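The chains referred to below are lettered A, B, ... by the order of the sequence lines, with proteins before strands, and numbering in each begins at 1. All figures in this text were calculated on a predicted structure; none of them were measured in a lab.
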Protein chains: 2
Amino acid sequence: MPVGNESTRLSAQDWARAALKAIAHGGLAAVAVEPLARTLGVTKGSFYAHYRNRDELITAALTEWVRSHGEAGLSQYAAITDPAQRLRELLTTVVHAVQPLAPSVHLSLLGDRNDPRAQDAVRQVNQARLDLLTRTYRELGLPPDRAASRARVAYAAILGLLHLAQTDPAAPHSAVLADEATAIFLPS
Amino acid sequence: MPVGNESTRLSAQDWARAALKAIAHGGLAAVAVEPLARTLGVTKGSFYAHYRNRDELITAALTEWVRSHGEAGLSQYAAITDPAQRLRELLTTVVHAVQPLAPSVHLSLLGDRNDPRAQDAVRQVNQARLDLLTRTYRELGLPPDRAASRARVAYAAILGLLHLAQTDPAAPHSAVLADEATAIFLPS
DNA sequence: CCCCCTTAATACGGTTGCGTATTGATACGC
DNA sequence: GCGTATCAATACGCAACCGTATTAAGGGGG
């Protein structure tokens with residue numbers, strides 16, 4: 001069975017993915033070997049065949065998250081040549097993708113921001129996104145320093161909308177919000 | 001000793017305050033009786049003279065937080081009659097107050113957003129702030145629905161700036177940011 | 001085809017934290 | 001001052017989880 005991912009045996013990746021799910025749900029504290037093993041249907045004995053300890057699992061999971069949410073995850077947006085269009089895409093994607101109430105790794109890591117590993121992961125992802133936004137505003141004609149601060153405020157709004165969507169039960173009409181956001185953040 | 005708060009004995013308030021500090025630092029998980037007792041210089045035996053259990057402490061701490069950060073904490077802004085001035089105050093206060101790296105209860109609670117008590121506390125505080133912002137934008141002449149969505153985006157930006165300030169080591173010039181934010185969010 | 005490496009189970013000890021019971025100390029009202 | 005409320009210490013049982021043996025099973029490469 002060369003391909004076929006329905007193997008009955010687990011890989012290190014399986015554990016890392018489960019760890020990310022746990023982080024999204026309950027933060028780093030939720031990455032606990034024995035509970036994870038229970039949800040994976042094995043006992044913890046097998047975990048130590050893949051990682052030396054819990055810390056290694058956390059590091060692996062966060063590394064994977066940074067990889068997929070940093071520049072790699074932004075490449076589809078970076079590929080858009082028209083900066084105005086790119087900005088619009090970024091904003092509307094966020095505003096809409098915000099609804100599914102999918103538990104967010106990003107928000108959970110915020111709760112663990114004392115942990116150096118979490119702080120570092122969040123910092124890297126934020127930096128990649130801020131860079132892209134700053135570049136976009138520069139291409140739209142803003143002077144570098146204004147582009148930087150505007151990108152910062154815009155990204156802050158994106159993050160905040162994510163916060164609000166995750167806590168508010170009241171789902172605001174996303175279409176209206178998207179319009180408002182683009183009206184605000186597309187440059188004068 | 002009627003006044004004088006240097007009493008050698010602790011009150012329920014002291015425990016609640018310590019709990020809030022712990023939440024700001026490590027989320028709800030950090031509200032642990034024995035560690036708290038250690039930092040307070042007593043043993044946990046005395047804790048149970050003030051609260052029946054850990055849950056009661058958490059509830060008390062969150063209630064206190066909602067009280068002081070909900071409408072009560074907003075009254076000084078609500079008192080500003082000129083809506084434009086009020087909005088400016090709100091924005092600049094946030095942008096500046098954001099620096100001290102004071103660990104934020106709000107951000108920590110986002111990490112615990114699965115916990116119903118945390119979710120409820122955050123929801124209440126957010127609602128009070130959103131209401132004030134929405135009212136402000138209405139007074140500035142925006143139609144009700146636009147006022148609501150604009151308030152939402154503005155508050156999202158405030159939350160996001162808080163987020164960024166807590167994770168970024170790179171402290172951006174707050175004066176620049178404040179200008180940018182007011183330029184963006186003061187209505188057209 | 002058989003050996004060995006990977007995955008998994010079981011069992012154990014150690015730590016941390018919750019909650020309870022019991023007893024001691026201390027302050028304040030009378 | 002005296003007694004009762006409140007605050008505090010100690011000791012205990014209990015549960016969850018980490019990490020470490022140790023052993024078993026199974027499946028591919030030589």
| task | Could I get the full list of side-chain hydrogen bond (donor to acceptor under 3.5 Å, both in side chains) partners for R138(A), not counting sequence neighbours? | result | none

| field | Those residues that, when tested against R135(A), pass side-chain hydrogen bond (donor to acceptor under 3.5 Å, both in side chains) (two or more places apart) | value | none

Protein-nucleotide distance ([X], atom [atom1]; [N], atom [atom2]), rounded to Å:
| X | N | atom1 | atom2 | value |
| --- | --- | --- | --- | --- |
| I58(B) | dG17(C) | CD1 | P | 14 Å |
| E56(B) | dC18(C) | CD | P | 15 Å |
| L10(A) | dA25(D) | CG | P | 19 Å |
| R52(B) | dC7(D) | CZ | P | 16 Å |
| N53(A) | dC17(D) | CG | C1' | 14 Å |

| said: Both distances below 3.5 Å, Watson-Crick or wobble geometry, any strand: find the nucleotide opposite dA15(D). | reply: dT16(C)

| request: Counting Watson-Crick and G-U wobble pairs only, both distances under 3.5 Å, name the nucleotide matched with dA5(D), or none. | output: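 When the pairing criteria are applied, nothing turns out to pair with dA5(D), so the answer is none.
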
| task | Please name all residues satisfying salt bridge (charged side-chain N to carboxylate O under 4.0 Å, His left out) with D120(A), sequence neighbours left out, ordered by chain then number. | result |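 Expected list: R123(A).
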
| message | Test of understanding: with salt bridge (charged side-chain N to carboxylate O under 4.0 Å, His left out), list the residues that count as partners of R86(A), not counting sequence neighbours. | response | E139(A)

| field | Short side-chain N/O contact to dT7(C) OP1/OP2 from H50(A), under 4.0 Å | value |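 Checking dT7(C) against H50(A), a side-chain N or O does come within under 4.0 Å of OP1 or OP2.
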
| Under a 90° cut-off about 0 for the syn range, is dA11(C) syn or anti? | anti

| Quick one, which residues of residues 34-49 of chain B touch DNA chain C with a heavy atom under 4.0 Å? | E34(B), P35(B), R38(B), K44(B), Y48(B)

| Which of parallel (below 30°), tilted (30 to 60°) and perpendicular (above 60°) describes W65(A) and H106(A)? |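 W65(A) and H106(A): perpendicular rings.
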
Atom pairs and distances, donor-acceptor, side-chain atoms in residues 30-43 of chain A, under 3.5 Å, two or more places apart:
from: E34(A); atom 1: OE2; to: K44(A); atom 2: NZ; distance (Å): 3.2
from: T39(A); atom 1: OG1; to: L36(A); atom 2: O; distance (Å): 2.9

